Structures are given as C-alpha cells and as structure tokens.
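Read through the structure below, which is laid out as structure tokens, and then see the notes.
Positions are given from 1, in the same order as the sequence printed here. As the structure is a prediction and not an experimental result, all values here were calculated from the model.
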Amino acid sequence: MTAPGEPGRAVRAETWIRRQRVVAILRMDDPSHVLDICRTLVREGITAIEITADRSHAVSSIHMLRQALGDRVLLGAGTVLSARTAAEVSAAGAEFCVAPNLNPEVVAACASRDMLAIPGVFTPTELAAARGLGLCLPKLFPCAGLPPAFLKALRGPFTDVDFVPTGGIGLPDVTSWLEAGGAAVGLGSALVGQGGTADGLAERARALRKLVPIPDQDGEYAVTHE
C-alpha cells in the first residue's frame with residue numbers, strides 16, 4: 001500500500017520505466033529459472049521486468065518475484081487482454097500492465113487499481129484513442145521490420161505522447177529507437193534469450209547498459225548493482 005504523501009503505483013511505475021529506459025520481457029513456458037533470470041537482471045541494473053500473462057504461471061511467478069525481490073524490482077504483466085487478468089496480476093503484485101492492443105476495459109481496470117496501463121498502438125487513430133483515455137506512454141507494437149523513423153513520424157502530431165517500442169528490436173537498435181522518441185524499449189528474446197535460463201544473460205545485460213546507462217540522482221550515468 002502506498003504511504004500518505006508518496007506517489008501512487010501508476011506514477012511510480014511510469015517514473016521507474018522512464019528512468020530505466022528498458023523493460024525486460026519474460027515469455028517463458030518453464031518458470032523454473034524465472035527467479036534466477038530476474039536476480040541476474042536486477043544485479044546488472046535492469047529492474048523493470050514484465051512477465052507475460054499468456055503463460056499459465058504468470059500470476060504465481062509475479063507473486064513469487066514480489067516476495068523474493070521486494071521493492072528492488074518494478075514488476076509488470078504483459079499480454080494482458082482482459083480486465084480479469086489485470087485484476088489477477090494486480091493482486092499478485094504487478095504495478096503495470098502491457099497489452100498488444102488498446103482495450104478500454106483493461107485501461108479502466110488498471111486505473112481502478114492504480115496500475116500503469118501500457119496498451120499497444122500502431123496507427124494515428126489508435127494513438128488518438130489512447131490519448132483520449134488519458135494515456136501518455138503507449139507501446140508501439142510490433143516494431144519488427146520497422147525503421148525508428150516510423151516512430152519519429154508517428155510522434156510528430158502527438159508531441160505530448162511518449163512510447164515504449166516493442167517487438168523485434170535487437171540490442172544494436174535500442175539507441176536508435178530511443179533517439180526517435182521512445183521513452184523506453186521493451187526487449188524480449190534479444191535480451192533474455194529463448195532458452196529459459198540465465199546463460200549469457202549477464203553479458204547481454206552489461207552490453208545493454210553500456211548502450212543505455214541509468215542516470216543517477218545527480219544526472220550522471222552509472223550502472224546500478226545490488
């Protein structure tokens with residue numbers, strides 16, 4: 001529960017993601033290495049983590065990670081397609097919900113639970129609809145095959161909206177998407193890999209943090225470790 005005078009969960013999540021500039025996406029069939037993977041990510045300074053809700057273990061994994069890592073990690077759920085799922089992941093400890101689409105019912109469910117909603121948009125019409133719902137940090141999805149210039153052009157008429165480009169972005173492309181107007185990028189297999197283990201993860205995370213360092217409280221940039 002948020003203490004009096006502290007920002008709510010949604011504000012906290014948005015601030016955290018904007019500061020991190022990276023959201024690690026875990027889409028895993030086997031949850032046995034979820035904690036090891038997240039501990040490695042946190043140790044290397046990547047602390048905004050999304051567990052996709054299209055896997056049966058999503059709710060239990062979010063709850064387990066919240067218990068194990070506490071406030072060292074910002075936990076969210078991805079592929080949230082219904083208000084019911086939003087309620088379930090919120091109860092488990094998620095602070096933000098990501099979706100591939102714009103569903104007003106999911107957005108409302110997030111708002112009622114003080115969770116940050118990051119719905120997927122792809123067109124100016126979808127972006128205008130998201131803006132009309134009061135959202136200013138949607139996900140641009142999918143990005144596979146798109147140049148970052150697409151995001152820059154889309155953002156042109158919507159200067160008060162930032163984006164989390166996601167889907168098919170490789171590590172070498174991260175800075176280009178950020179420079180085009182991304183507040184953060186969502187990275188799945190390019191960062192976490194597809195094997196379901198932490199093998200090679202620390203090295204990829206370190207390479208990413210060299211490209212996208214975290215600003216410290218004085219505005220300088222440094223990697224945060226446990």
Approximate separation, where rounding is to 0.5 Å, of [X] [atom1] and [Y] [atom2]:
X    : Y    : atom1 : atom2 : value
I51  : I25  : CD1   : CD1   : 10.5 Å
E88  : S60  : CD    : OG    : 11.5 Å
H33  : T40  : NE2   : OG1   : 11.5 Å
C110 : M115 : SG    : CE    : 4.0 Å
L69  : T47  : CG    : OG1   : 10.5 Å
R9   : S90  : CZ    : OG    : 4.0 Å

Compare all side-chain heavy atoms of [X] with those of [Y] and state whether any distance is below 4.5 angstrom.
X    : Y    : result
D114 : E95  : no
T166 : L140 : no
L171 : R204 : yes
L75  : C38  : no

Report task. Just do the side chain to side chain contact (heavy atoms under 4.5 Å, CB included) check on L178 and V185 with the steps written out, would you? Result -> CA-CA 7 Å; L178 292 173; V185 294; 4.1 Å; yes
Consider only side-chain heavy atoms of I, L, V, M, F, W and Y, link residues closer than 4.5 Å, and tell whether [X] and [Y] are in one cluster.
X    : Y    : answer
V80  : L65  : no
V34  : I46  : yes
V89  : V106 : no
L191 : L35  : yes

Query raised in the report: Is the closest basic N to carboxylate O distance between E14 and R19 below 4.0 Å?
Result: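 Salt bridge absent between E14 and R19.
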Query raised in the report: Is it true that R206 and E44 make a salt bridge, defined as a side-chain N closer than 4.0 Å to a carboxylate O?
Result: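 Yes.
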Please report the shortest heavy-atom distance between [X] and [Y], naming the atom on each side.
X    : Y    : answer
S61  : P31  : OG-CB, 3.9 Å
G182 : P165 : CA-CD, 4.0 Å
P138 : L127 : CG-CD1, 3.9 Å
A109 : A83  : CB-CB, 3.7 Å

Query - side chain to side chain contact (heavy atoms under 4.5 Å, CB included) evaluation trace for V22 with R209 - result: CA-CA 9 Å; V22 172; R209 272 302 170 220; 4.2 Å; yes
Query raised in the report: How does the hydrophobic cluster around V164 look, that is, which other residues are in it when side-chain heavy atoms under 4.5 Å mark a link?
Result: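 Other cluster members: W16, I17, V23, L74, F96, V98, L116, I118, L137.
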Query raised in the report: Apart from L133 itself, what residues make up its hydrophobic cluster when side-chain heavy atoms of I, L, V, M, F, W and Y under 4.5 Å apart count as a link, directly or indirectly?
Result: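 Result for L133 is L102, V107, L135.
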Query raised in the report: What ring pair (Phe, Tyr, Trp, His ring centres under 6.0 Å) pairs are there with at least one residue in residues 34-75, not counting sequence neighbours?
Result: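 Every pair satisfying ring pair (Phe, Tyr, Trp, His ring centres under 6.0 Å) with a residue in residues 34-75: there are none.
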Tabulate below the donor-acceptor pairs under 3.5 Å that side-chain atoms of residues 141-163 make, not counting sequence neighbours, or state none.
unit_1, atom_1, unit_2, atom_2, d
R155, NE, V161, O, 3.0
R155, NE, D162, OD1, 3.4
R155, NH2, D162, OD1, 2.7
D160, OD2, R131, NE, 2.9
D160, OD2, R131, NH2, 3.0
D162, OD2, R18, NH1, 2.6
D162, OD2, R18, NH2, 3.2

Report task. Evaluate side chain to side chain contact (heavy atoms under 4.5 Å, CB included) for E50 paired with T52, printing each intermediate quantity in order. Result -> CA-CA 6 Å; E50 170 189 332; T52 61; 4.1 Å; yes
**Report entry** R27: partners by salt bridge (Lys or Arg N to Asp or Glu O under 4.0 Å), with sequence neighbours left out
**Finding:**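 Partners of R27 by the salt bridge (Lys or Arg N to Asp or Glu O under 4.0 Å) criterion, ordered by chain and then number, come out as D54.
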Report task. Could you list the residues that satisfy salt bridge (Lys or Arg N to Asp or Glu O under 4.0 Å) with R55, not counting sequence neighbours? Result ->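 Once residues adjacent in sequence are excluded, the partners of R55 under the salt bridge (Lys or Arg N to Asp or Glu O under 4.0 Å) criterion are D29.
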Report task. Evaluate the criterion side chain to side chain contact (heavy atoms under 4.5 Å, CB included) for residue pair I37 and L41; output intermediate values, then yes/no. Result -> CA-CA 6 Å; I37 288 172; L41 288 169; 4.1 Å; yes
Query raised in the report: For V11, does its backbone N or O pair with a side-chain atom of T15 as donor and acceptor, under 3.5 Å?
Result: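 Side chain of T15 to backbone of V11, a donor-acceptor pair under 3.5 Å: yes, one is there.
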Query - Sidechain-backbone polar pair: R21 side chain, I214 backbone, donor-acceptor under 3.5 Å - result: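 No; judged by distance alone, with no hydrogens or angles, the pair does not exist.
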